[in-house]
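Let me begin by handing over the structure; questions about it come next.
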Amino acid sequence: MKLTPRSSDYSQWYLDIVLQAKLADYSDVRGCMVIRPNGYAIWEKMQAALDAMFKETGHVNAYFPLFIPESFMQKEADHIEGFAPECAVVTHGGGEELAEKLYVRPTSETIIWSTYKKWIQSYRDLPLLINQWANAVRWELRTRLFLRTAEFLWQEGHTAHATEAEAKEEVLRMIEVYRRFAEDYMALPVIVGRKTESEKFAGAKETYCIEAMMQDGKALQSGTSHHLGQNFAKAFDCKFQSKDGQLEYVWATSWGVSTRLIGALIMAHSDDKGLVLPPKLATRQLVIVPIIKGDSKTLVLEKASELHKQLKANGVGVFLDDNDQQTPGWKFAEYELQGVPLRLEIGAKDIEKHQCVVARRDTGEKLSLPLDAALPETIKRLLNEIQNNLFARALAYRNEKTKEVKTYDEFKAQVETGFAIAHWDGTAETEAKIKEETKATIRCIPTDESFIQQYDLRAEGKCIYSGKPSKMKVVFAKAY
RNA sequence: CGGGGUGUAGCGCAGCUGGUAGCGCGCUUCGUUCGGGACGAAGAGGUCGUGAGUUCGAGUCUCGCCACCCCGACCA
C-alpha cells in the first residue's frame, strides 16, 4: 500500500506508482501490459493533443496491416539487421504453415512503402503526409511497464516528398511538434538534437530526437523523427516523375512517439505520495470531496453538486466523489496517489463562511477560496499555474543536474547523477569505448539553439576521452 | 542470455526440527462515523505454481519442470 520512497529505490518507486495508481497491470503474457482506465485516459489526452497538432501540420490518418511479409522486411538491409532479432513472427494461419512468414510489425516502414509505391507516380502525388495510430511489437529481452513493453501503442508518421530539402524540413517540423507537445502538455523540458551514427534508427540517414531527464538523472528518449533519405524508396522501387520529366526516387521521413511518454510523465513529475499529472493531460483536473458531519449531509451534497455543475459549465475537468463508503482522509490520499491536480474540500463549516478549501497536488499548498461567481476562473488560473510550475520545476532540476565536464574523471562522476556536456572527437570508436566503460551514451548532438548557447556547445576543444580535437560538445547520459 | 529473487485467499505476507493452513489489507451484511488512508459486530473466500520421489503422513524434505518479478547486457 505504501509507496517505496524515491530515495530508497527509484525503480521500485516507479513500479509502485504505476501499479498503485492503477495506470497499468501485468498481463498473463510475458512482457505485455494491460493499460488500465487511469493510464489509458492519459494516453487518450495525449492522442487528442498530438492528433490535432498533426492535422494542423497537414497530416491525415490511415491504417496499415499489423502483418508484414518477411520479404518486405528483408528489402532494406540495415532495417532487417536492426529489427529482425526482436520481431515476433507468424508461421501458421488457419491451421496450416504459411508459404511466407508474416512479421508482426515492429514499425511499419516496409509495409507502408510497398503501398506508397502504388500511390505515387508523379510529383503531383507528393507530398504524401500520413500518420497512423497503432500498436507495434518488439520482443524485448527485458521489459518495464510503459518504458519498454513487448507490445506498445504509438503513432507513426510516414511521409513522402519530392526533394531532400522538403523531407528534411518535415523531419525538423515534426521533432519540433514533439518538443512543443512535451513542453506545453507534458510540462517536460526536452533537448532537441540529432543522434550519432551508431544511435540512429535502423534504415535512416539521420535521426532527430527529444531527450528528457528523469528524476534520477537518467535520460529518456521520448520521441524520434527520422530522415530516411531514399533508402526505402530504393528498397521498394518507389519513383515519381518530376516536373521536367525525370524519374526520381521519393524522399521519406518517419516519426513516432509511444506509450513510453506515460512513463516519462510519471518519472518526471511524481513524488513519494504518488502520481503528479500536468493539468493539460488530466481527465480529472479537480476532485470535489464533500465533508459530511452530523446532519449536514443534504446541505453539503447540494452545495457540492452545485459547485460541480458550475465548474463543469466553465470547462473544468471536475469530478465529485460523493461516495460515503470512504472517509475524506482516504480520498485525499487516493487522489493524491492518482495525481489529480486540484482537490476541493467542502463542508458545513465552509458553507457557513461562504468558502471552500482547495489543495494543490504539485506543492501541497491549501487555499481558502470564496464561493462566488469568480471561483471557476480562479480554479482555471490555478490549473494553469500548476502546469507552468511543473515545467519550471523540471527545467530547474535538469539545469541543476546538467554539467559541463573537462576531465574523464569528472565525466564518470557526472553521468552517475545527471547529464554531462563534453567534447567528443566524433568517432564511433570513442563513443563505443565510453559506453563500455561508463554505460553512458551520447543522447544527442543538440540542435536547439538556446540549449547550444546555454552551454556554449560550439566552442572548440579536446575530446573528453581521446584528447583529439573536437568541434562541438555533446550530451552524454545513462539512458532508459 | 547471465545474476538475484518469488510462486500459500483478490492483494501483501507468515507458516520453526514434516502432523492436514493462518495474519494484515481488501471483499459482503448491519450499525456508528466522516476536515489526512475510521470503528464495532457478524460473514464469505485456499486443488499451498506444477510433476515425480521420500514418508504412516508433505505447504514444509529431495529432484525435475513451468511461470513471473527485479538487476545487468540489447533496444522506443
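The figures here come from the full heavy-atom set of this structure, side chains too, leaving out hydrogens, waters and symmetry mates. A, B, ... follow the sequence lines: proteins, then strands. Residue 1 opens every chain.
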message = Of the listed nucleotides (B:G35, B:G36, B:C74), which one gets closest to any side-chain atom of A:D350?
response =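 The closest nucleotide is B:G35.
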ask   = Taking atom P in both B:G43 and B:U33, what distance in whole Å separates the two?
value =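 After rounding to an integer number of Å, I get 24 Å for this pair.
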B:G37 and B:U20, which share atom name C1', separated by this distance in whole Å =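 38 Å, rounded to whole Å.
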Watson-Crick/G-U partner (both atom distances under 3.5 Å) of B:G72 =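 Because both required distances fall under 3.5 Å, B:G72 counts as paired with B:C1.
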inquiry  = From C-beta outward on A:R142, which listed nucleotide comes closest to its side chain: B:G36, B:C74, B:A73?
reply    =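 Nucleotide nearest to A:R142's side chain: B:A73.
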ask   = Touch check for A:S222, heavy atoms < 4.0 angstrom, all strands: base, sugar-phosphate only, or nothing?
value =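 A:S222: no heavy atom of the nucleic acid under 4.0 Å.
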query = What interatomic distance, in whole Å, is found between C1' of B:U6 and the corresponding atom of B:C13?
reply =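 Between the two C1' atoms, the distance is 12 Å.
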ask   = What's the CD-P distance between A:Q20 and B:G26, to the nearest Å?
value =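 About 14 Å, once rounded to whole Å.
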A:E352 CD: over 12 foreign heavy atoms closer than 6.0 Å =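 12 or below, so no.
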key: d(NZ, A:K22; C1', B:C11) in whole Å   =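 Value for this atom pair: 11 Å.
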ask   = When all nucleic acid strands are considered with a 4.0 Å heavy-atom cut-off, which category describes A:E345: base, sugar-phosphate, or nothing?
value =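 If one applies the 4.0 Å heavy-atom cut-off, A:E345 turns out to touch a base.
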query = What do you reckon, are the aromatic ring centroids of A:H59 and A:W255 less than 6.0 Å apart?
reply =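 Here the rings of A:W255 and A:H59 have centres that are less than 6.0 Å from each other.
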For atom CG of A:D9 and atom P of B:C71, their distance in whole Å =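 Checked: the CG to P distance equals 7 Å.
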request  = Go through B:C71, B:G35, B:C70 for me and flag the one nearest to the A:L15 side chain.
outcome  =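 That would be B:C70.
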request  = With the side chain counted from C-beta on, respond yes when A:M186 and A:F181 share a heavy-atom pair under 4.5 Å apart, and no when they do not.
outcome  =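 Side chain of A:M186 against side chain of A:F181, heavy atoms only: contact under 4.5 Å found.
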Residue A:E44 excluded, over 12 heavy atoms near CD under 6.0 Å =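 Count over threshold, so yes.
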message = Taking B:G45 as the reference, what is the distance to B:U62 when you measure between their P atoms (whole Å, please)?
response =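 The answer is 34 Å between these two P atoms.
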message = If I pick the P atom on B:A44 and the same atom on B:G59, what distance separates them, to the nearest angstrom?
response =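 Here B:G59 and B:A44 have their P atoms 24 Å from each other.
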query = So what's B:G45 paired with, Watson-Crick or G-U wobble, going by both distances under 3.5 Å?
reply =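 Paired with no nucleotide.
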ask   = Looking at side-chain heavy atoms only, is the closest gap between A:R343 and A:K366 below 4.5 Å?
value =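 The answer is yes, as the side chains (C-beta and beyond) meet within the 4.5 Å cut-off.
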inquiry  = Any base atoms under 4.0 Å from A:K349, or only sugar-phosphate, or nothing? Heavy atoms, all strands.
reply    =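 The residue A:K349 makes base contact.
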query = Would you say the side chain of A:K478 lies within less than 4.5 Å of the side chain of A:T438, judging by non-hydrogen atoms?
reply =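 Heavy-atom side-chain distance check fails, nothing below 4.5 Å.
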query = For B:G19, which nucleotide is its Watson-Crick or G-U wobble mate, given both distances must be under 3.5 Å?
reply =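 Answer to the pairing question: B:C56, which forms a Watson-Crick or G-U pair with B:G19.
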inquiry  = Measure CG/A:D25 against P/B:G12 and give the value in whole Å, please.
reply    =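 Those two atoms, CG and P, are 10 Å apart.
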query = Given that A:A359 and A:K435 both sit by RNA chain B, which one's nearest nucleotide is further toward the 5' end?
reply =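 Here A:A359 is the residue nearer the 5' end.
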Gap between atoms CG and P, on A:L147 and B:G72 respectively (whole Å) =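 Those two atoms, CG and P, are 12 Å apart.
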query = Would you call the rings of A:H226 and A:F201 parallel, tilted or perpendicular, where under 30° means parallel and over 60° means perpendicular?
reply =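 Ring orientation of A:H226 relative to A:F201: parallel.
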message = As a test of reading the structure: which of B:G35, B:C69, B:C71 is closest to the side chain of A:Y26, going by heavy atoms?
response =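 For the A:Y26 side chain, the nearest candidate turns out to be B:C69.
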query = Which residues within residues 268-293 of chain A lie with some heavy atom under 4.0 Å of an atom in RNA chain B?
reply =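 Output list: A:I291, A:I292, A:K293.
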ask   = On a whole-Å scale, what distance lies between the P atoms belonging to B:U50 and B:A58?
value =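 Their P atoms lie roughly 15 Å apart.
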ask   = Taking the side chain as C-beta and beyond, is there a heavy-atom pair between A:E183 and A:V190 under 4.5 Å?
value =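 The answer is yes; the side chains approach within 4.5 Å.
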message = Salt bridge or not between A:D324 and A:K297? Use side-chain N to carboxylate O under 4.0 Å.
response =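 A:K297 and A:D324: salt-bridged.
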query = Just checking A:Q221: base, sugar-phosphate only, or nothing, at a heavy-atom cut-off of under 4.0 Å?
reply =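 Touches sugar-phosphate only.
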query = At under 4.0 Å, does any side-chain N or O of A:R144 touch on OP1 or OP2 of B:C71?
reply =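 True: A:R144 side-chain N/O within range (under 4.0 Å) of B:C71 OP1/OP2.
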query = Parallel under 30°, tilted from 30 to 60°, perpendicular over 60°: which one fits the rings of A:W13 and A:Y10?
reply =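 Answer is tilted, since the angle falls between 30° and 60°.
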request  = Look at atom NZ of A:K312 and say whether more than 12 heavy atoms of other residues, nucleotides or ligands are closer to it than 6.0 Å.
outcome  =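 At most 12 heavy atoms, drawn from other residues, nucleotides or ligands, come within 6.0 Å of this atom.
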ask   = Quick one: A:E140 CD to B:A73 C1', roughly how many Å, whole number?
value =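 Those two atoms, CD and C1', are 13 Å apart.
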task = Would you classify A:V357 as touching base, sugar-phosphate or nothing, given that sugar-phosphate means primed atoms plus P, OP1 and OP2, and contacts are heavy atoms under 4.0 Å?
result =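 Base, at least one base atom sits under 4.0 Å.
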Provide a list of protein-nucleic acid N or O atom pairs under 3.5 angstrom, restricted to nucleotides 38-44 of chain B.
from: B:A38; atom 1: OP2; to: A:T327; atom 2: OG1; distance (Å): 2.5

query = Which part of the nucleic acid, if any, lies within reach of A:Q12 when heavy atoms closer than 4.0 Å are counted: base, sugar-phosphate only, or nothing?
reply =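 Answer is nothing: A:Q12 stays at 4.0 Å or more from every strand.
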ask   = Expressed in angstrom and rounded to an integer, what is the separation of A:L299 atom CG from B:C34 atom P?
value =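 Interatomic distance, CG of A:L299 to P of B:C34: 16 Å.
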ask   = When you compare B:A14 with B:G7, how far apart are their P atoms, in angstrom units rounded to a whole number?
value =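 Their P atoms lie roughly 7 Å apart.
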ask   = More 5' along RNA chain B: A:S258 or A:K297, using each one's nearest nucleotide?
value =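 By nearest-heavy-atom nucleotide position, the 5'-most residue is A:K297.
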query = Parallel, tilted or perpendicular: which describes the rings of A:F152 and A:W154, with under 30° parallel and over 60° perpendicular?
reply =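 Perpendicular: the ring planes of A:F152 and A:W154 meet at over 60°.
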task = In whole angstrom, give me the gap between the P atoms of B:C34 and B:C48.
result =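 Between the two P atoms, the distance is 46 Å.
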Contacts of type side-chain hydrogen bond (donor to acceptor under 3.5 Å, both in side chains), residue A:K45, not counting sequence neighbours =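 Scan of A:K45 (side-chain hydrogen bond (donor to acceptor under 3.5 Å, both in side chains), adjacent residues dropped) gives none.
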Length of the line joining A:R36:CZ and B:G10:C1', which is rounded to integer Å =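 After rounding, the reported distance stands at 12 Å.
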Complementary nucleotide for B:G40 - Watson-Crick or wobble, under 3.5 Å =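 B:C30 is the nucleotide pairing with B:G40.
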message = Please classify the nucleic acid contact of A:T149 as base, sugar-phosphate, or nothing, using heavy-atom distances under 4.0 Å.
response =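 Base, at least one base atom sits under 4.0 Å.
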task = Confirm from the modelled atom types if A:R343 and B:G36 form a donor-acceptor pair under 3.5 Å, side chain to base only.
result =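 Looking at the base of B:G36, it does pair with a donor or acceptor on the side chain of A:R343 (distance under 3.5 Å).
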